[in-house]
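Report on one structure; see the data block that follows.
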Amino acid sequence: MSAALQMTAFGLALLSTLFLLLATCTDCWMVNADDSLEVSHKCRGLWRECVTNMQDGVRTCDQYDSILADHPVKIVVTRTLLITADLLAGLALAMLLLGLDCIKFLKEDPGVKLKMCYGAGVILGIGSILGLVGSVWYAVDVYVERAMLVSHNIFLGVHYDFGWSCWLGMAGSMGCLVASVLLTCCLC
């Protein structure tokens with residue numbers, strides 16, 4: 001039972017960590033959500049803004065000036081939280097890999113292996129909370145920005161909605177949280 005639970009948690013943690021990494025690196029956190037006929041598809045991310053021409057499929061991206069430049073708070077906070085979540089999830093994944101019963105590392109001391117799995121679960125839980133806070137922070141800020149424009153009857157020609165990168169960050173964080181629960185609560 002313990003080995004099956006460990007492998008399930010490892011598979012979920014691996015997939016969720018990949019989701020978090022993809023969410024951090026991709027550039028579609030906000031997409032244009034206009035109902036009119038669009039000739040281009042706009043995506044805003046943490047690192048750049050991209051526009052795809054719908055007629056010919058040509059995609060152009062503008063990098064943000066610098067990592068150290070003045071950016072909106074939602075971008076800086078989300079970058080920080082997701083990079084930290086990525087690092088913690090990677091560390092937890094390495095610890096979990098070494099703590100699995102099927103790995104020959106420390107085979108003679110199962111108590112240490114169990115503590116490594118438990119520690120990986122705690123680290124994964126912290127990373128998942130950071131990733132979830134970062135993703136939800138960004139999503140709430142997008143929603144508030146859109147609600148403020150609507151409440152003041154301001155229409156700028158395009159408004160943005162949550163992009164697939166934002167949903168991927170939330171899914172990766174939730175997956176890491178479930179893996180953390182499996183490792184910390186069910187394994188003991």
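Index from 1, following the sequence.
Side-chain N or O atoms of Ser128 include one that pairs as donor or acceptor with a backbone N or O of Gly125 at under 3.5 Å. The backbone N or O of Gly121 lies less than 3.5 Å from a partner atom in the side chain of Ser180, making a donor-acceptor pair. A distance-only check finds no donor-acceptor pair linking the side chain of Lys74 to the backbone of Trp137 [under 3.5 Å].
The heavy-atom pair separating Leu96 from Ala13 by the smallest distance is CD2-CB, 4.4 Å. Considering all non-hydrogen atoms of both residues, Cys166 and Ser135 come closest at SG-O, 3.7 Å. In this structure, Gly172 and Ser16 approach most closely via the heavy-atom pair O-CB, 3.3 Å. Taking each heavy atom of Met95 and Gly119 in turn, the nearest pair found is CE-C, 3.9 Å. Taking each heavy atom of Met174 and Leu132 in turn, the nearest pair found is SD-CD2, 3.8 Å. Residues Thr52 and Arg59 come closest through the heavy atom pair OG1-CG, 3.6 Å.
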Step-by-step side chain to side chain contact (heavy atoms under 4.5 Å, CB included) determination, Thr60 to Cys50: CA-CA 6 Å; Thr60 57; Cys50 295; over 6 Å; no
Steps toward side chain to side chain contact (heavy atoms under 4.5 Å, CB included) verdict (Leu183, Tyr118): CA-CA 6 Å; Leu183 290 170; Tyr118 183 76; over 6 Å; no
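Val58 and Val31 fall into different hydrophobic clusters, defined by Ile, Leu, Val, Met, Phe, Trp and Tyr side-chain heavy atoms under 4.5 Å apart, directly or through other members. Leu87 and Leu22 end up in different hydrophobic clusters when Ile, Leu, Val, Met, Phe, Trp and Tyr side chains are linked at under 4.5 Å. Leu20 is not connected to Leu15 by any chain of hydrophobic side-chain contacts under 4.5 Å among Ile, Leu, Val, Met, Phe, Trp and Tyr, and they are in different clusters. Note on Leu21 and Leu88: separate hydrophobic clusters, where clusters join Ile, Leu, Val, Met, Phe, Trp and Tyr whose side-chain heavy atoms are under 4.5 Å apart, directly or indirectly. If you chain together hydrophobic residues whose side chains sit under 4.5 Å apart, Ile83 and Trp29 fall into the same group.
Here the CE-CG distance, from Met7 to Leu14, works out to 10.0 Å after rounding to the nearest 0.5 Å. In this structure, CG on Asp86 lies 10.0 Å from CG on Leu18, to the nearest 0.5 angstrom. Here Leu91 contributes atom CG and Thr17 contributes atom OG1; the two are 10.5 Å apart, rounded to the nearest 0.5 Å. Note: Ser165 OG to Asp27 CG = 6.5 Å, rounded to the nearest 0.5 Å. The distance from the CG atom of Leu177 to the CG atom of Leu124 is 8.5 Å, given to the nearest 0.5 Å. Thr24 contributes atom OG1, which lies 10.5 Å from atom CG of Leu81 (distance to the nearest 0.5 angstrom).
With a 4.5 Å cut-off on side-chain heavy atoms, Tyr143 and Phe162 count as touching. Trp47 has its side chain out of reach of Ile75: every pair of non-hydrogen atoms, C-beta onward, lies at least 4.5 Å apart.
SG atoms of Cys28 and Cys43 are separated by less than 2.5 angstrom, consistent with a disulfide link.
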